[in-house]
Structure formats: structure tokens, C-alpha cells
Asks: 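Okay, here's the structure, questions in a sec.
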Amino acid sequence: MIETILFPVLSIGGLSLLFGALLGFSTKKFAVKVDPKAKEIFDMLPGVNCGGCGFANCSVFAEAVTENKARYNGCPVGGPSAAAGIAETMGITSSTFEKKVAFIKCYGIDYNIKRNYIYDGPKNCVAAAQLATSGNKSCTYSCLGLYSCKNACPYDAIKMVNSIAEVDRLKCTACGKCVAVCPKNLIEIVPDKAKVRVLCNSRDHGKLVRKNCRSGCIACSICLKLCPSEAITIKNNIARVDYDKCTLCMACVNKCPTKAIQMMV
């Protein structure tokens, strides 16, 4: 009786030891070598795994930096402190870190916009955008103000003001999570120093824009003609600012007839 029980126990124990030894051997044999610098870089990162760097998570970004597949200052959340530390670890010279922020390309506040109907659905922009006229606002390109970007922001940098989203530049880390969830493609990441911006994303012609929104860009080209640095172009019926060329002369801001171009503070 004892032999009947003992044999299976010894057999299982022996197999466990054998498999354990094989597992340990294979772990060492086929282990992927990781640059020790990657661990140092990872420890400097915020660890939020937001994807703002363009990689799946902080660990992958850290490895990419050591393999020269990512820039040392590619983490928008870590900011200048993380960039400086990573540059020192990699033995390279750190340049000035350019802060970026999310920008909502719309000024369809309650005063400027019309309502097609009363929306009484879930507070979700994606759901509302699938309804008739792509939402209840007269401009089909307008911010719906239903909290999708606000709920996606891990830093509480977005709030709703007069039915549109507004970004707190001091809290924003340019992680890009709001960009990914906006069904209207209204949000883009821009340099924080780029203060002159077009608060409109409508592709409609001028007459239709005027009908739908008081503050929409009507592509009148006044800004284009006045800009001394040729920083403005008109594409798809909307003015666009080249932030690298803009000198903040304010000519376009002062003369825009609909106030679609504004100076951000």
C-alpha cells in the first residue's frame, strides 16, 4: 500500500525537479539581453504608459531610446527633467525641451453656435456624433462638449466651458489621449509657445460657416494678405498658421472679421 502511494509521489516530484531545471536552463539560455541603461531610463519616466511618446508603454520607449529608435526627449509627460536625465544617461547633449499642449480647434460656444435639437443621450461624444447631423450643433465640425476628452485626460487638464472643451495649459502634458478619443478630430498637439491659433475646424464654404457659427473661419484670406511673415495659408476653406514662421505680430488676430484667429494666453 505504501509503495503504491510512494511511487506516484516520487515520480511527480522527480518530474517537477526535472522540468524546473529545464525551465531554469532555458530562461538563462534564451534570455533577451536588456541594456542596463533602459532600466535607468525607465526609472526616470512617469510610468503612466499613456502612449504620448508613440510607443506602447514606458518600458518599450526606454528600450527604444537605448536602441536609437526614439528621441531622448520624446516623453511629453516627463517634460524637461526626464529629458535632461535621459540625455545624461545616454551621454548626449540635451537641448531645450519644447513644451507642447493639446489644442481644441473650435470656438463653438453657446453664444456662437446654433442647436439643431435637444440632445438627451449619454455624455459621450462618439455616441452623439453618430446621430443625425453628427450631433446637435449646427456646425458638423464643432466640439460636442460631451466629456469624452475630459474623461480620457489622466491629468484633469480639460474642462467644459459653454459647451466646448477647454484645455488648461499648465496641467496638460500633451499625452495625446484626448486626441485619440475625439470623433471630430478637433484636437491637435501644438507647441505651447505658438500663441496665435485658428479656433475653427470647419471645411465648409464661407456662407455656410456664417450660417452655422458666429466665430467660424470663412476663408476670406484677409489674414493671409496681412501676414508679413507668410505664416498663414488657406487650405480646405480654413486658415492655418505655420507656428515656426509666426512672429506674433497680431495682424491676423486684429483683423479677422469673425475672430476665428485668436491669441491664446
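Side chains included, hydrogens not; waters and symmetry mates left out as well; all remaining heavy atoms used. Everything numeric here is computed off the predicted structure, so don't read it as measured data.
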Asks: Could you give the distance from CG (Leu226) to SG (Cys256), rounded to the nearest 0.5 Å?
Replies: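 Reported to 0.5 Å precision, the distance equals 10.5 Å.
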Asks: Do side-chain atoms of Tyr117 reach the backbone of Gly135 as a donor and acceptor pair under 3.5 angstrom?
Replies: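 Yes, the answer is positive, given that a donor and an acceptor are paired below the 3.5 Å cut-off.
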Asks: Taking the side chain as every heavy atom from C-beta outward, state whether Cys149 and Met160 have any pair of such atoms under 4.5 Å apart.
Replies: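 Sidechains of Met160 and Cys149: in contact.
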Asks: Would the number of heavy atoms belonging to other residues, nucleotides or ligands and lying under 6.0 Å from CZ of Arg115 be above 12?
Replies: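 Enclosed: over 12 neighbouring heavy atoms sit under 6.0 Å from CZ of Arg115.
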Asks: Can you tell me how far the CG atom of Leu199 sits from the SG atom of Cys143, to the nearest 0.5 Å?
Replies: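 It is 11.0 Å, given to the nearest 0.5 Å.
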Asks: Between Thr173 and Val77 (side chain of the first, backbone of the second, donor and acceptor by atom type, cut-off under 3.5 Å), is there such a pair?
Replies: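 No: the side chain of Thr173 does not pair with the backbone of Val77.
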Asks: Could you pull out all residues at least two apart from Asp192 that satisfy side-chain contact (heavy atoms from CB on, under 4.5 Å)?
Replies: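 Once residues adjacent in sequence are excluded, the partners of Asp192 under the side-chain contact (heavy atoms from CB on, under 4.5 Å) criterion are Lys99, Val101, Arg169, Lys195, Arg197.
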Asks: For a 4.5 angstrom cut-off between non-hydrogen side-chain atoms, does Cys252 reach Cys227?
Replies: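 Not in contact.
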Asks: Please say yes or no: joined through hydrophobic side-chain contacts below 4.5 Å, possibly via intermediate residues, are Met90 and Val60 part of one cluster?
Replies: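 Yes, one cluster joins them.
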Asks: Work out which heavy atom in Leu146 is nearest to a heavy atom in Cys125; give both atom names and the distance.
Replies: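 Looking at all heavy atoms of both residues, the closest pair is N-SG, 3.5 Å.
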Asks: Can you check whether Cys139 reaches Ser202 side chain to side chain, under 4.5 Å on heavy atoms?
Replies: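 With C-beta onward as the side chain, the pair touches.
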Asks: Applying side-chain contact (heavy atoms from CB on, under 4.5 Å), run through Tyr107 and Asn112 and close with a yes or a no.
Replies: CA-CA 8 Å; Tyr107 199 50; Asn112 290 331; 3.2 Å; yes
Asks: Within the structure provided, determine whether Pro154 and Lys177 are in side-chain contact (heavy-atom separation under 4.5 Å).
Replies: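 Heavy-atom side-chain distance check passes, below 4.5 Å.
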Asks: If you compare all heavy atoms of Val48 against all heavy atoms of Tyr155, which two are closest, and at what distance to 0.1 Å?
Replies: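 That closest heavy-atom pairing would be CG2-OH, 3.2 Å.
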Asks: Salt-bridged, Lys171 to Asp156, with N to O below 4.0 Å?
Replies: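 Salt bridge present between Lys171 and Asp156.
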Asks: Do Leu208 and Ile218 sit in one hydrophobic cluster, given that two such residues count as connected whenever their side-chain heavy atoms are within less than 4.5 Å of each other, even indirectly?
Replies: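 Leu208 does not cluster with Ile218.
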Asks: Would you say Arg71 has more than 12 foreign heavy atoms packed within less than 6.0 Å of its CZ?
Replies: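 Check fails, neighbour count at 12 or below.
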Asks: Would you check if the side chain of Lys184 reaches a backbone N or O of Ala129 as a donor-acceptor pair within less than 3.5 Å?
Replies: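 Looks like no, no N/O pair under 3.5 Å.
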Asks: Thinking salt bridges, do Lys245 and Glu230 make one under a 4.0 Å N-O criterion?
Replies: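 Salt bridge flag = no for Glu230 with Lys245.
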Asks: What heavy-atom pair brings Cys217 and Ala239 nearest, and what distance separates the two atoms?
Replies: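 Closest heavy-atom pair between Cys217 and Ala239: SG-N, 3.3 Å.
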Asks: Between Val65 and Glu63, is the side-chain contact (heavy atoms from CB on, under 4.5 Å) condition met? List the steps.
Replies: CA-CA 5 Å; Val65 172; Glu63 292 179 16; over 6 Å; no
Asks: Does Arg214 reach the main-chain N or O of Tyr111 with its side chain, forming a donor-acceptor pair under 3.5 Å?
Replies: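 Yes; judged by distance alone, with no hydrogens or angles, the pair exists.
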Asks: Quick one: are Tyr119 and Leu131 in side-chain contact, heavy atoms under 4.5 Å?
Replies: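 Yes, close enough: below the 4.5 Å cut-off.
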Asks: Transitively linked via ILVMFWY side-chain contacts under 4.5 Å: Val181 with Val126?
Replies: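 Each belongs to a different hydrophobic cluster.
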Asks: How long is the straight-line distance from CG of Leu186 back to SG of Cys106, given to the nearest 0.5 Å?
Replies: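 The distance works out to 5.5 Å.
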Asks: Ignoring hydrogens and geometry, is there a side-chain-to-backbone donor-acceptor pair from Asn236 to Ile238 under 3.5 Å?
Replies: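 Side chain of Asn236 to backbone of Ile238: no pair is present.
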Asks: Taking C-beta and beyond as the side chain, do Phe61 and Ile86 meet within less than 4.5 Å on heavy atoms?
Replies: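 Yes - at least one pair of side-chain heavy atoms lies under 4.5 Å apart.
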Asks: Keeping the roles fixed (side chain from Thr258, backbone from Gly216), state whether a donor-acceptor pair exists under 3.5 Å.
Replies: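 Here the side-chain-to-backbone pair exists.
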Asks: What's the separation between atom CG in Leu144 and atom NZ in Lys123, rounded to the nearest 0.5 Å?
Replies: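 Answer for the CG-NZ pair, Leu144 versus Lys123, is 11.0 Å.
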Asks: In terms of hydrophobic clusters joined by side-chain contacts under 4.5 Å, are Ile222 and Met250 together?
Replies: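 No, Ile222 and Met250 fall in different hydrophobic clusters.
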Asks: Going by the rule side-chain contact (heavy atoms from CB on, under 4.5 Å), which residues pair with Lys100 if we only count those two or more places apart in sequence or in a different chain?
Replies: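 For Lys100, the residues satisfying side-chain contact (heavy atoms from CB on, under 4.5 Å) (neighbours in sequence not counted) are Glu98, Ala174, Ile189.
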Asks: Please check if any side-chain donor atom of Asn201 sits under 3.5 Å from a side-chain acceptor atom of Arg203, or the reverse.
Replies: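 Side chains of Asn201 and Arg203: pair found under 3.5 Å.
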Asks: Are Ile232 and Asp242 packed together at the side-chain level, in the sense that at least one heavy-atom pair is separated by less than 4.5 angstrom?
Replies: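 No, side chains not in contact.
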Asks: Any idea which heavy atoms bring Ser163 and Asp110 closest together, and the distance?
Replies: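 Residues Ser163 and Asp110, closest heavy atoms: OG-OD1, 2.6 Å.
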Asks: Can you tell if the side chain of Ile164 reaches within under 4.5 Å of the side chain of Lys137, non-hydrogen atoms only?
Replies: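 Side chain of Ile164 against side chain of Lys137, heavy atoms only: contact under 4.5 Å found.
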Asks: Please determine if Asp204 and Lys211 form a salt bridge, counting it only when a charged side-chain N lies under 4.0 Å from a carboxylate O.
Replies: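 Answer for the salt bridge query: no.
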Asks: On a heavy-atom basis, which atom in Ala165 and which in Ile104 lie closest, and how many Å separate them?
Replies: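 Answer, listing the atom of Ala165 first, then Ile104: O-CG1, 3.6 Å.
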Asks: Which distance, rounded to the nearest 0.5 Å, do you find between the CD1 of Ile158 and the CG of Asp168?
Replies: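 Taking CD1 in Ile158 and CG in Asp168, the distance rounds to 10.0 Å.
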Asks: Mark yes or no for whether Asn237, through its side chain, and Ala219, through its backbone, hold a donor-acceptor pair below 3.5 Å.
Replies: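 Not a single qualifying donor-acceptor pair exists.
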Asks: Quick check: closest heavy atoms across Pro122 and Ala127, and the distance to 0.1 Å?
Replies: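 Distance-wise, the nearest heavy atoms are CG-CB, 4.1 Å.
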Asks: Report the residue from Val179, Val167, Val190, Ile187 that forms a side chain to side chain contact (heavy atoms under 4.5 Å, CB included) with Phe103.
Replies: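 It is Val190, the one option of Val179, Val167, Val190, Ile187 that forms the side chain to side chain contact (heavy atoms under 4.5 Å, CB included) with Phe103.
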Asks: For the CD1 atom of Ile113 and the CG atom of Asn162, what is their distance to the nearest 0.5 Å?
Replies: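 The CD1 atom of Ile113 sits 12.5 Å away from the CG atom of Asn162.
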Asks: Under a 4.5 Å side-chain heavy-atom rule over Ile, Leu, Val, Met, Phe, Trp and Tyr, are Met44 and Phe55 clustered together?
Replies: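 In one cluster with Met44: Phe55, yes.
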